[in-house]
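Atoms within a ligand are numbered from 1 in the order they appear, just like the ligands themselves.
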Amino acid sequence: MTAVDLEFDQLNSTVDALRRSISNRMMYGVGKDAVTARPHDWLHAAALAVRDRLVARWMKTTRLQYEQDVKRVYYLSMEFLIGRTFTNALLALGIYEPMREALAGLGVDMDMLIDMEPDAALGNGGLGRLAACFLDSMATLGIPGFGYGIRYEYGMFRQQIVNGEQVEAPDYWLRNGNAWEFPRSEIQYLVHFGGRTVQRGEHVEWIDTEHVNAMAYDTVIPGYATSATNTLRLWSARSTEELDLSAFNRGDYRSAVDAKTMSENVSRLLYPDDSTPAGRELRLRQEYFFVSATMQDLIRRYQRTHSTFGRFAEKVAVHLNDTHPVLAIPELMRLLVDVHHVPWATAWKQIQQMFSYTNHTLMPEALETWDVETLARLLPRHLEIIFEINAEFLKHVSEQSGHDAEMIRRISLVDEYGQRRVRMAYLAIVASHKVNGVSKLHSQLMTREIFADFARVFPDRFTNVTNGITPRRWLAQANPSLSSLIDEQIGTHWRRDLFELEKLRELRHDTAFVDAFRNAKRQNKMRLAQLLSHHTKVSFDPDALFDLQVKRIHEYKRQLLNVLHVIVRYNQIRANPELDWVPRVVMFAGKAASAYRMAKTIIRLIGDVSEKVNHDPLIGDRLKVVFVPNYGVSVAELIIPAADLSEQISMAGTEASGTGNMKLALNGALTIGTMDGANIEICDAVGRENIFIFGHTADEVDSLRATGYRPRQIYEENPELRMALDQIRTGFFSPDDPLRFSDIFHTLVDWGDHYMVLADFAAFAEAQKEVDARFRNPQAWAESAIENVAGMGWFSSDRTIGEYAREIWHVKPLDMS
Ligand code: 26V
């Protein structure tokens, strides 16, 4: 920051200045008198006062970007799981304490305001939260970047547990307005659907379409301790139809608004399903809606300072967060070729230089395809363009590697078996100069399995960039007790350079530090225990081992493995209550996709097991089981700092990376995990002796499957496991409905146990014994926990974004001086 900026910031950061701003914003922004203001009004006024302070930085950044004619990154994502903004912005600006005082001076409790802000939950899980961490890091590093997505009116559903079952409630997060966004009614683009194409002279025209307007809403993304900021631009659908007045006058109110409502449905709702390519047509409309507006917007921005497309690829990088924005490729081709009359070959070359793509999952059912008929009806011109790209690509491949008809069929962008479908991931690969996976293992498996043919055709295209998380939100903000201790020891710079945490390693034998470290954890556990007791009417011992599995509910993540172990443990304690058990609180949290039956049954099982265990007088504090409802960013911020143990137990080869694993380790939890995703890299970083690794590796999973996996045999040969499974099957936990969980039993024992829960059970139980043994020795446990925190430098999303910027986007930080 320059001296002038600093002085300006300091003037604005005093308690007095803040108090004046809040009062002003209450009066002129909210339009209320402090005397009648309600809590929401205070939140709004305070947020506006904070936002005002961001705007000066924002404008400066934008001005410098134009002056330096920088290359910009367009990060396209259907999801941004931002969470709350208030605390994050206060910390970025360095005005957290002054704001607290200013509000107190006005008679307002800041903690109450913080808890009132709704989460911006515009994402499902890992992929959406990663996008949010990336925005934070891009801004902090001064990388000129824009997030582009959809301003869903309804975000991720709120999860309620009613009689043990997940019930989804709509999340109307905009109910009380959103102080952080700037509506840009002057920035609107027409997005077309349907119609047909005609050849006019040399050019193709797309005509007879229906359309909807995409209107921009901008949110400032502050960088931490820098005046650099970025922009998150989200599109909202606005009808091009006015109200049908004659219908209205006839009293036909429904049809008067129907057309308008229908077209505006495009940005109504986030698809709350990350396991099936759901929602079909409306989902496709969403995808096209957002990329069309985004491509029009980036062309307009480029053209403000350039009169030809000659330097387009030098100035623009487009990143596809998974395949959901892949239609940006044919859309940009269409705009360049049909509208701006750039020659096809030139346009295609530029696109290949500009685009890059991240794959986030190997699960075959999550790989997007769209059927040719639907595309032909909704986006006829794009389908033509895709066919053309495919023809050229297949020609290139057959020239290169001969006419291997089988190979050509396999890699065609159009799957010709049965109903013809376009494979969106393949289109992304062909159009991108770089394709990356999100952990070392995932990137390897990607080129060995799902994209093996492409890796042979384009060997230099595939790369790895291991995920990361922002230390600002996930340590500084979520865990003030630990971060203030770290500040005392090594200063505050770790927020910008997470490798600084390595300095903690040498403190692991320093008794004063170890005590303080344990005390910080204990404080977090007490806070959580109180909250949970309040909600569940069950008491939790803050000295018990807090064991957390928090993530979407999915069979591959194997919450069932964890539950089975809980049941076995429960039976063991009942059989031998006199033994010296390490007391544990096992917590689960996570949402199930609304149509995913098995995931919902798993939630039900956790609930039924916890009912039984928590109310069994023989058990007492030795074992407690909790399902924490409505897992999301804010709940994560509350519970992750309280964890002792982090469960990362997916079947090896299924979890692309995981990012919760990083958040938990950064907050001093030890991991029990398989050699999957980023767990492998976490193991390298923290040391094999500070993590509990168990189970089949990805290669072992393959060979076990190849030689014939027989789960029933395991069931028959392991009496403890058999008892637990029989209890599930016979209604021990669901006496009111004994067959409730019989599908779980059969899935594991008779129907192939696809995710090899039983194959890893014994090893998991052994590893859990080691966990207990380590926990009995508080000194040893604390040392390992410190090693975990100290080793997390690599997992900062600043490191991740640095790699993307250098290796993939070829962009440099803005010069802020
Ligand atoms: C698919 C779909 C299909 C249509 C409906 C909505 C929807 C939403 C998301 C997805 C794909 C989910 C993929 C995903 O979240 N992958 C996770 O990405 C994380 C960040 O890279 C990674 O850490 C996790 O391991 C991976 O599961």
Legend entry - G658 heavy atom under 4.0 Å from ligand 1: yes

Inset, instruction - Return the orientation label for the H565 and F761 ring planes: parallel under 30°, perpendicular over 60°, tilted otherwise. - result: tilted

Inset, instruction - List for me each residue that meets side-chain hydrogen bond (donor to acceptor under 3.5 Å, both in side chains) alongside Q159, sequence neighbours excluded, and say none if there are none. - result: Q166

Inset, instruction - Look at the rings of F462 and F451 and say which category their plane angle falls in: under 30° parallel, 30 to 60° tilted, over 60° perpendicular. - result: tilted

Legend entry - Contact atoms of ligand 1, heavy-atom distance to A656 under 4.0 Å: 25 (O)

Legend entry - For Y556, atoms of ligand 1 separated by under 4.0 Å from a heavy atom: 27 (O)

Inset, instruction - Report the residues that fulfil salt bridge (Lys or Arg N to Asp or Glu O under 4.0 Å) with D171, sequence neighbours left out, ordered by chain and then residue number. - result: none

Inset, instruction - Below 4.0 angstrom from a heavy atom of G126, which ligand 1 atoms are there? Numbered from 1 as shown, please. - result: 19 (C), 20 (C)

Legend entry - Per-atom contacts of ligand 1 with N124, taking only distances under 4.0 Å to non-hydrogen atoms: 8 (C)

Legend entry - Cation-aromatic face contact R233/Y148, 6.0 Å, 45 degrees: no

Legend entry - Any N/O pair D322/ligand 1 closer than 3.5 Å: no

Legend entry - Close approach, H324 and ligand 1, non-hydrogen under 4.0 angstrom: yes

Inset, instruction - Could you tell me whether N467 approaches ligand 1 through its side chain, its backbone, both or neither, with non-hydrogen atoms closer than 4.0 Å? - result: side chain

Legend entry - From D415, D371, D453, residue fulfilling salt bridge (Lys or Arg N to Asp or Glu O under 4.0 Å) relative to R423: D415

Inset, instruction - Enumerate the atoms of ligand 1 whose separation from the nearest heavy atom of E79 is less than 4.0 angstrom. - result: 8 (C), 9 (C)

Inset, instruction - Check ligand 1 against R283 and write out every atom of the ligand that is under 4.0 Å from a heavy-atom position of the residue. - result: 4 (C), 5 (C), 6 (C)

Legend entry - Row check, W794 ring normal vs R799 NZ/CZ: under 6.0 Å, within 45°: yes

Inset, instruction - Decide whether an N or O pair under 3.5 Å exists between K557 and ligand 1. - result: no

Inset, instruction - Identify the two heavy atoms, one from G123 and one from M156, that lie closest to each other, and give their separation to 0.1 Å. - result: O-CB, 3.6 Å

Legend entry - ligand 1 contact by R552, heavy-atom criterion under 4.0 angstrom: no

